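Before any comments, here is the structure.
It should be emphasised that the depicted structure is a prediction, and the values quoted were computed from it without experimental measurement.
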Amino acid sequence: MSPALKNLEKKLGLAHLNPLALLRLSPKTRFEHVIERGYSTDVLGWFGEAWMVFRSRRKAIVLASLPSALAAFIMIFLFYRQQGRATTTSVLLYGSYLRSVLMMTAAVMPSFVALGALSKSEDPRKDYLEALWRLPGILLISAMTWVPMVYSGFMGEIGVTIRWWAVPIAIYLAVAYSFAPYLAVDGRMDFWMALETSRRAVSRNWFGIASIYAIYYLAAWVFSAALSMLPGIFSTILVVDEMTRKLRTDPLDIMYGFSNAFMAGLFYIFLIFFHIIMATAYIRIFHPVGYRKAA
(Lines give C-alpha, C1' and ligand atoms only; values in the text may rest on other atoms or scores of the structure.)
Protein backbone atom coordinates (compact mmCIF):
# COMPACT_ATOMS: atom_id res chain seq x y z
CA MET A 1 0.00 0.00 0.00
CA SER A 2 1.35 3.41 -0.94
CA PRO A 3 2.28 5.96 1.78
CA ALA A 4 -0.33 8.38 0.39
CA LEU A 5 -3.10 5.81 0.82
CA LYS A 6 -1.91 5.02 4.32
CA ASN A 7 -2.01 8.70 5.24
CA LEU A 8 -5.53 8.97 3.83
CA GLU A 9 -6.65 6.00 5.92
CA LYS A 10 -5.11 7.58 9.00
CA LYS A 11 -6.86 10.90 8.37
CA LEU A 12 -10.22 9.20 7.88
CA GLY A 13 -9.69 6.94 10.87
CA LEU A 14 -9.85 3.79 8.76
CA ALA A 15 -6.55 2.32 9.92
CA HIS A 16 -8.19 0.49 12.82
CA LEU A 17 -11.64 0.13 11.32
CA ASN A 18 -13.54 -3.02 12.15
CA PRO A 19 -13.98 -4.98 8.88
CA LEU A 20 -17.64 -5.49 9.78
CA ALA A 21 -18.12 -1.71 9.59
CA LEU A 22 -16.93 -1.84 5.98
CA LEU A 23 -19.50 -4.49 5.08
CA ARG A 24 -22.32 -2.45 3.57
CA LEU A 25 -25.56 -4.26 2.71
CA SER A 26 -27.61 -1.12 2.05
CA PRO A 27 -27.05 2.15 0.17
CA LYS A 28 -24.89 4.93 1.61
CA THR A 29 -26.59 7.37 3.94
CA ARG A 30 -25.85 10.84 5.27
CA PHE A 31 -24.31 9.21 8.34
CA GLU A 32 -21.32 7.69 6.53
CA HIS A 33 -19.07 10.13 8.38
CA VAL A 34 -19.76 8.23 11.63
CA ILE A 35 -18.29 5.04 10.14
CA GLU A 36 -15.42 6.77 8.39
CA ARG A 37 -14.25 9.05 11.19
CA GLY A 38 -15.29 6.95 14.15
CA TYR A 39 -16.29 8.29 17.53
CA SER A 40 -15.40 8.04 21.18
CA THR A 41 -17.72 6.76 23.88
CA ASP A 42 -18.53 8.50 27.15
CA VAL A 43 -20.73 5.88 28.75
CA LEU A 44 -20.88 7.34 32.27
CA GLY A 45 -21.39 10.79 30.79
CA TRP A 46 -24.31 9.48 28.74
CA PHE A 47 -25.86 7.94 31.85
CA GLY A 48 -25.61 11.29 33.63
CA GLU A 49 -26.95 13.26 30.69
CA ALA A 50 -29.85 10.82 30.26
CA TRP A 51 -30.79 11.40 33.90
CA MET A 52 -30.72 15.18 33.40
CA VAL A 53 -32.90 14.81 30.29
CA PHE A 54 -35.35 12.70 32.26
CA ARG A 55 -35.52 15.30 35.01
CA SER A 56 -36.06 18.13 32.54
CA ARG A 57 -38.86 16.29 30.68
CA ARG A 58 -40.02 13.96 33.44
CA LYS A 59 -43.72 14.80 33.11
CA ALA A 60 -43.76 14.18 29.35
CA ILE A 61 -41.62 11.05 29.64
CA VAL A 62 -43.77 9.62 32.44
CA LEU A 63 -46.93 10.24 30.40
CA ALA A 64 -45.30 8.62 27.35
CA SER A 65 -44.30 5.67 29.56
CA LEU A 66 -47.85 4.95 30.74
CA PRO A 67 -48.98 3.10 27.55
CA SER A 68 -45.75 1.08 27.61
CA ALA A 69 -46.13 0.24 31.30
CA LEU A 70 -49.78 -0.74 30.78
CA ALA A 71 -48.86 -2.99 27.85
CA ALA A 72 -46.11 -4.61 29.93
CA PHE A 73 -48.49 -5.12 32.88
CA ILE A 74 -51.06 -6.82 30.64
CA MET A 75 -48.42 -9.13 29.13
CA ILE A 76 -47.04 -10.00 32.58
CA PHE A 77 -50.56 -10.68 33.88
CA LEU A 78 -51.46 -12.88 30.88
CA PHE A 79 -48.18 -14.75 31.21
CA TYR A 80 -48.77 -15.66 34.86
CA ARG A 81 -52.40 -16.48 34.18
CA GLN A 82 -51.39 -18.91 31.45
CA GLN A 83 -48.55 -20.41 33.46
CA GLY A 84 -50.58 -20.91 36.61
CA ARG A 85 -47.40 -21.02 38.65
CA ALA A 86 -44.39 -18.95 39.61
CA THR A 87 -41.42 -18.73 37.27
CA THR A 88 -38.23 -16.76 36.85
CA THR A 89 -38.12 -13.13 35.72
CA SER A 90 -35.80 -13.98 32.83
CA VAL A 91 -38.34 -16.46 31.44
CA LEU A 92 -41.08 -13.86 31.72
CA LEU A 93 -39.10 -11.18 29.87
CA TYR A 94 -37.07 -13.27 27.44
CA GLY A 95 -38.76 -16.66 27.30
CA SER A 96 -41.01 -15.87 24.36
CA TYR A 97 -39.99 -14.31 21.07
CA LEU A 98 -43.31 -12.56 20.47
CA ARG A 99 -43.58 -11.28 24.05
CA SER A 100 -39.99 -10.02 24.00
CA VAL A 101 -40.53 -8.18 20.70
CA LEU A 102 -43.71 -6.50 21.97
CA MET A 103 -42.27 -5.55 25.35
CA MET A 104 -38.99 -4.22 23.94
CA THR A 105 -40.86 -2.20 21.30
CA ALA A 106 -43.11 -0.69 23.95
CA ALA A 107 -40.10 0.13 26.15
CA VAL A 108 -38.34 2.15 23.43
CA MET A 109 -41.28 4.44 22.71
CA PRO A 110 -40.85 6.91 25.65
CA SER A 111 -37.22 7.49 24.66
CA PHE A 112 -38.36 9.44 21.61
CA VAL A 113 -39.60 12.17 23.94
CA ALA A 114 -36.07 12.29 25.37
CA LEU A 115 -34.71 12.30 21.82
CA GLY A 116 -36.84 15.35 21.14
CA ALA A 117 -35.44 17.11 24.20
CA LEU A 118 -31.89 16.34 23.07
CA SER A 119 -32.64 17.68 19.60
CA LYS A 120 -34.06 20.95 21.00
CA SER A 121 -37.67 20.08 20.23
CA GLU A 122 -40.30 21.96 22.22
CA ASP A 123 -43.22 19.65 21.43
CA PRO A 124 -43.00 16.28 23.29
CA ARG A 125 -46.44 15.26 22.07
CA LYS A 126 -45.39 15.65 18.45
CA ASP A 127 -42.16 13.71 19.10
CA TYR A 128 -44.11 10.80 20.57
CA LEU A 129 -46.76 10.79 17.84
CA GLU A 130 -44.07 10.84 15.17
CA ALA A 131 -42.53 7.71 16.69
CA LEU A 132 -45.97 6.15 17.03
CA TRP A 133 -46.58 6.78 13.33
CA ARG A 134 -43.45 4.76 12.56
CA LEU A 135 -44.34 1.99 15.02
CA PRO A 136 -44.60 -0.73 12.32
CA GLY A 137 -40.98 -0.10 11.33
CA ILE A 138 -39.87 -0.15 14.97
CA LEU A 139 -41.70 -3.47 15.44
CA LEU A 140 -39.88 -4.92 12.43
CA ILE A 141 -36.57 -3.72 13.84
CA SER A 142 -37.30 -5.39 17.20
CA ALA A 143 -38.36 -8.57 15.44
CA MET A 144 -35.15 -8.61 13.39
CA THR A 145 -33.05 -7.93 16.49
CA TRP A 146 -34.43 -10.93 18.37
CA VAL A 147 -34.49 -13.46 15.53
CA PRO A 148 -30.78 -14.40 15.97
CA MET A 149 -31.39 -14.99 19.70
CA VAL A 150 -34.20 -17.42 18.92
CA TYR A 151 -32.10 -19.23 16.32
CA SER A 152 -29.17 -19.56 18.73
CA GLY A 153 -31.46 -21.37 21.17
CA PHE A 154 -30.52 -18.87 23.84
CA MET A 155 -34.16 -17.92 24.45
CA GLY A 156 -35.22 -21.54 24.57
CA GLU A 157 -38.61 -20.84 23.00
CA ILE A 158 -38.52 -23.51 20.30
CA GLY A 159 -37.09 -26.14 22.62
CA VAL A 160 -33.77 -26.68 20.89
CA THR A 161 -30.34 -27.04 22.37
CA ILE A 162 -28.20 -23.94 22.44
CA ARG A 163 -26.09 -23.41 19.34
CA TRP A 164 -23.08 -21.91 21.07
CA TRP A 165 -21.45 -20.84 17.81
CA ALA A 166 -24.52 -18.68 17.06
CA VAL A 167 -24.72 -16.99 20.48
CA PRO A 168 -21.83 -14.53 19.85
CA ILE A 169 -23.39 -13.61 16.49
CA ALA A 170 -26.76 -13.02 18.16
CA ILE A 171 -25.21 -10.84 20.87
CA TYR A 172 -23.18 -8.90 18.29
CA LEU A 173 -26.29 -8.13 16.24
CA ALA A 174 -28.40 -7.26 19.30
CA VAL A 175 -25.86 -4.57 20.26
CA ALA A 176 -25.19 -3.55 16.66
CA TYR A 177 -28.86 -2.76 16.04
CA SER A 178 -29.09 -0.48 19.09
CA PHE A 179 -29.56 2.76 17.14
CA ALA A 180 -31.87 1.38 14.45
CA PRO A 181 -35.14 2.67 16.01
CA TYR A 182 -33.73 6.21 16.19
CA LEU A 183 -32.41 6.06 12.64
CA ALA A 184 -35.85 4.89 11.49
CA VAL A 185 -37.62 7.82 13.15
CA ASP A 186 -35.05 10.62 13.20
CA GLY A 187 -33.26 9.57 10.00
CA ARG A 188 -36.47 8.71 8.12
CA MET A 189 -35.02 5.35 7.04
CA ASP A 190 -36.77 2.13 6.19
CA PHE A 191 -36.22 -0.66 8.68
CA TRP A 192 -33.47 -2.47 6.72
CA MET A 193 -31.43 0.66 6.04
CA ALA A 194 -31.78 1.64 9.69
CA LEU A 195 -30.56 -1.77 10.81
CA GLU A 196 -27.56 -1.74 8.49
CA THR A 197 -26.56 1.86 9.25
CA SER A 198 -26.75 1.13 12.97
CA ARG A 199 -24.74 -2.09 12.61
CA ARG A 200 -21.97 -0.42 10.63
CA ALA A 201 -21.76 2.52 13.03
CA VAL A 202 -21.78 0.39 16.17
CA SER A 203 -19.17 -1.94 14.65
CA ARG A 204 -16.82 1.04 14.63
CA ASN A 205 -16.80 0.90 18.44
CA TRP A 206 -18.79 -2.20 19.36
CA PHE A 207 -17.29 -2.76 22.80
CA GLY A 208 -17.90 0.85 23.77
CA ILE A 209 -21.63 0.52 23.01
CA ALA A 210 -21.77 -2.97 24.53
CA SER A 211 -20.46 -1.52 27.81
CA ILE A 212 -23.75 0.40 28.13
CA TYR A 213 -25.57 -2.94 28.11
CA ALA A 214 -23.12 -4.46 30.60
CA ILE A 215 -23.56 -1.63 33.11
CA TYR A 216 -27.32 -1.43 32.67
CA TYR A 217 -28.10 -5.15 32.91
CA LEU A 218 -25.84 -5.66 35.93
CA ALA A 219 -27.22 -2.63 37.81
CA ALA A 220 -30.87 -3.16 36.83
CA TRP A 221 -30.81 -6.86 37.67
CA VAL A 222 -29.18 -6.32 41.07
CA PHE A 223 -31.47 -3.44 42.11
CA SER A 224 -34.59 -5.18 40.81
CA ALA A 225 -33.70 -8.41 42.61
CA ALA A 226 -32.96 -6.61 45.87
CA LEU A 227 -36.15 -4.52 45.88
CA SER A 228 -38.34 -7.40 44.73
CA MET A 229 -37.75 -9.22 48.01
CA LEU A 230 -39.98 -6.73 49.86
CA PRO A 231 -43.36 -7.40 48.17
CA GLY A 232 -42.66 -11.11 48.13
CA ILE A 233 -42.12 -11.26 51.87
CA PHE A 234 -45.03 -8.91 52.57
CA SER A 235 -47.44 -10.86 50.39
CA THR A 236 -46.43 -14.13 52.03
CA ILE A 237 -47.08 -12.73 55.51
CA LEU A 238 -50.61 -11.75 54.43
CA VAL A 239 -51.68 -14.98 52.76
CA VAL A 240 -49.47 -17.79 54.06
CA ASP A 241 -51.79 -18.95 56.84
CA GLU A 242 -54.94 -18.99 54.74
CA MET A 243 -53.27 -20.64 51.76
CA THR A 244 -51.66 -23.27 53.93
CA ARG A 245 -54.97 -24.17 55.58
CA LYS A 246 -56.76 -24.47 52.25
CA LEU A 247 -53.81 -26.25 50.63
CA ARG A 248 -54.38 -24.21 47.49
CA THR A 249 -50.72 -23.64 46.78
CA ASP A 250 -47.25 -23.66 48.26
CA PRO A 251 -46.49 -20.54 50.38
CA LEU A 252 -43.00 -20.39 48.93
CA ASP A 253 -44.52 -20.36 45.48
CA ILE A 254 -46.66 -17.38 46.48
CA MET A 255 -43.61 -15.42 47.62
CA TYR A 256 -41.70 -16.47 44.52
CA GLY A 257 -44.50 -15.36 42.21
CA PHE A 258 -45.08 -11.97 43.78
CA SER A 259 -41.35 -11.23 43.96
CA ASN A 260 -40.66 -12.15 40.35
CA ALA A 261 -43.66 -10.25 38.99
CA PHE A 262 -42.51 -7.19 40.93
CA MET A 263 -38.92 -7.70 39.76
CA ALA A 264 -40.06 -7.90 36.14
CA GLY A 265 -41.96 -4.64 36.54
CA LEU A 266 -38.97 -2.88 38.09
CA PHE A 267 -36.64 -4.22 35.44
CA TYR A 268 -39.01 -2.94 32.77
CA ILE A 269 -38.99 0.54 34.28
CA PHE A 270 -35.20 0.48 34.24
CA LEU A 271 -35.41 -0.70 30.63
CA ILE A 272 -37.32 2.45 29.69
CA PHE A 273 -34.51 4.54 31.19
CA PHE A 274 -31.95 2.40 29.35
CA HIS A 275 -33.49 3.48 26.04
CA ILE A 276 -33.23 7.11 27.13
CA ILE A 277 -29.51 6.47 27.55
CA MET A 278 -29.39 4.96 24.06
CA ALA A 279 -31.21 8.01 22.66
CA THR A 280 -28.57 10.19 24.32
CA ALA A 281 -25.78 8.11 22.81
CA TYR A 282 -27.46 8.29 19.40
CA ILE A 283 -27.54 12.10 19.39
CA ARG A 284 -23.97 12.41 20.62
CA ILE A 285 -22.64 9.96 18.01
CA PHE A 286 -24.73 10.77 14.95
CA HIS A 287 -25.28 14.49 15.45
CA PRO A 288 -23.21 17.38 16.79
CA VAL A 289 -24.00 19.04 20.10
CA GLY A 290 -26.86 21.48 19.66
CA TYR A 291 -28.40 19.49 16.84
CA ARG A 292 -31.84 20.75 15.94
CA LYS A 293 -34.27 18.31 14.40
CA ALA A 294 -35.39 19.10 10.89
CA ALA A 295 -39.00 20.13 10.43
Side-chain angles (χ1 to χ4, degrees), residues 11-14 17-18 21-22 24 26-57 60-61 64 107-134 137-138 141 145 175-213 216 272-295:
K11 287 181 180 179
L12 293 176
L14 298 174
L17 184 58
N18 186 333
L22 292 173
R24 181 160 50 85
S26 66
K28 286 186 176 182
T29 70
R30 59 191 176 93
F31 297 116
E32 291 297 317
H33 64 280
V34 175
I35 297 100
E36 294 175 354
R37 299 176 187 175
Y39 52 89
S40 59
T41 54
D42 181 16
V43 175
L44 296 180
W46 292 338
F47 271 78
E49 187 176 3
W51 176 247
M52 288 189 291
V53 169
F54 172 77
R55 290 179 61 186
S56 67
R57 289 281 178 94
I61 292 174
V108 77
M109 295 303 290
S111 67
F112 289 102
V113 175
L115 184 70
L118 288 160
S119 59
K120 312 302 180 186
S121 169
E122 299 297 333
D123 192 349
R125 182 173 174 273
K126 180 181 177 182
D127 298 328
Y128 185 81
L129 290 177
E130 183 179 359
L132 193 62
W133 180 255
R134 293 181 176 269
I138 299 173
I141 288 170
T145 300
V175 175
Y177 292 152
S178 297
F179 299 129
Y182 308 108
L183 288 165
V185 175
D186 177 67
R188 308 290 199 276
M189 297 181 181
D190 61 63
F191 92 98
W192 178 249
M193 186 177 292
L195 287 168
E196 273 301 292
T197 303
S198 176
R199 182 191 62 77
R200 295 180 65 223
V202 172
S203 295
R204 194 70 167 91
N205 198 342
W206 188 89
F207 287 99
I209 303 303
S211 64
I212 303 176
Y213 285 80
Y216 159 74
I272 291 174
F273 181 70
F274 167 77
H275 286 294
I276 296 175
I277 299 168
M278 296 309 299
T280 304
Y282 167 79
I283 288 293
R284 296 300 166 237
I285 290 173
F286 286 83
H287 296 291
V289 174
Y291 161 74
R292 186 174 294 276
K293 197 171 186 179

Do other residues, nucleotides or ligands put more than 12 heavy atoms under 6.0 Å from the CZ atom of Arg24? yes
Nearest 0.5 Å, what's the CG-CG distance between Leu118 and Asp186? 10.5 Å
Using side chain to side chain contact (heavy atoms under 4.5 Å, CB included), reason through Arg284 and Asp42 one step at a time and then give a plain yes or no. CA-CA 9 Å; Arg284 296 300 166 237; Asp42 181 16; over 6 Å; no
Aromatic ring centroids of His287 and Phe31 under 6.0 Å? yes
Before you tell me yes or no, could you show the steps for Ile138 and Met109 under side chain to side chain contact (heavy atoms under 4.5 Å, CB included), namely the whole-Å CA-CA distance, both residues' side-chain angles and the distance that decides it to 0.1 Å? CA-CA 9 Å; Ile138 299 173; Met109 295 303 290; 4.0 Å; yes
Taking all atoms of both residues into account, what is the closest heavy-atom pair of Tyr282 and Gly187, and its distance? OH-N, 4.3 Å
Indicate yes or no: at least one non-hydrogen side-chain atom of Lys126 is less than 4.5 angstrom from one of Ser121. no
Could you pull out all residues at least two apart from Thr41 that satisfy side chain to side chain donor-acceptor pair (under 3.5 Å)? none
How close do His275 and Ser111 get, heavy atom to heavy atom, and via which atoms? O-CB, 3.4 Å
Closest non-hydrogen contact found for Leu183 with Ala194 is CD1-O, 3.6 Å
Judged by modelled atom types alone, do Ser198 and Tyr182 share a side-chain donor-acceptor pair under 3.5 Å? no
Between Asn205 and Tyr39 (side chain of the first, backbone of the second, donor and acceptor by atom type, cut-off under 3.5 Å), is there such a pair? yes
Non-hydrogen atoms of Ile141 and Ala184 that approach each other most closely: CD1-CB, 3.8 Å
Output for pair (Asp190 CG, Arg134 CZ), nearest 0.5 Å, gives 9.5 Å
Between Tyr177 and Val202, is a side chain to side chain contact (heavy atoms under 4.5 Å, CB included) present by the stated rule, with each step listed? CA-CA 8 Å; Tyr177 292 152; Val202 172; over 6 Å; no
Testing the basics here: between Arg57 and Gly116, what is the closest heavy-atom pair and its distance to 0.1 Å? NH1-C, 4.2 Å
Rounded at 0.5 Å granularity, tell me how far NE2 in His33 sits from CD1 in Ile35. 8.5 Å
Counting the benzene-type ring for Trp, do Tyr213 and Phe274 have ring centres under 6.0 Å apart? yes
Rounded to the nearest 0.5 Å, the CD1 atom of Ile285 sits from the OG1 atom of Thr280 at a distance of 10.5 Å
In this structure, CD of Glu49 is separated from CD1 of Ile283 (nearest 0.5 Å) by 9.5 Å
Please assess Phe273 against Tyr216 for the test side chain to side chain contact (heavy atoms under 4.5 Å, CB included), listing each intermediate value before the final yes or no. CA-CA 9 Å; Phe273 181 70; Tyr216 159 74; over 6 Å; no
Ignoring hydrogens, what is the shortest heavy-atom contact between Val34 and Ala201? Give both atom names and the distance. CG1-CB, 3.9 Å
Rounded to the nearest 0.5 Å, how far apart are OG of Ser178 and CE of Met278? 4.0 Å
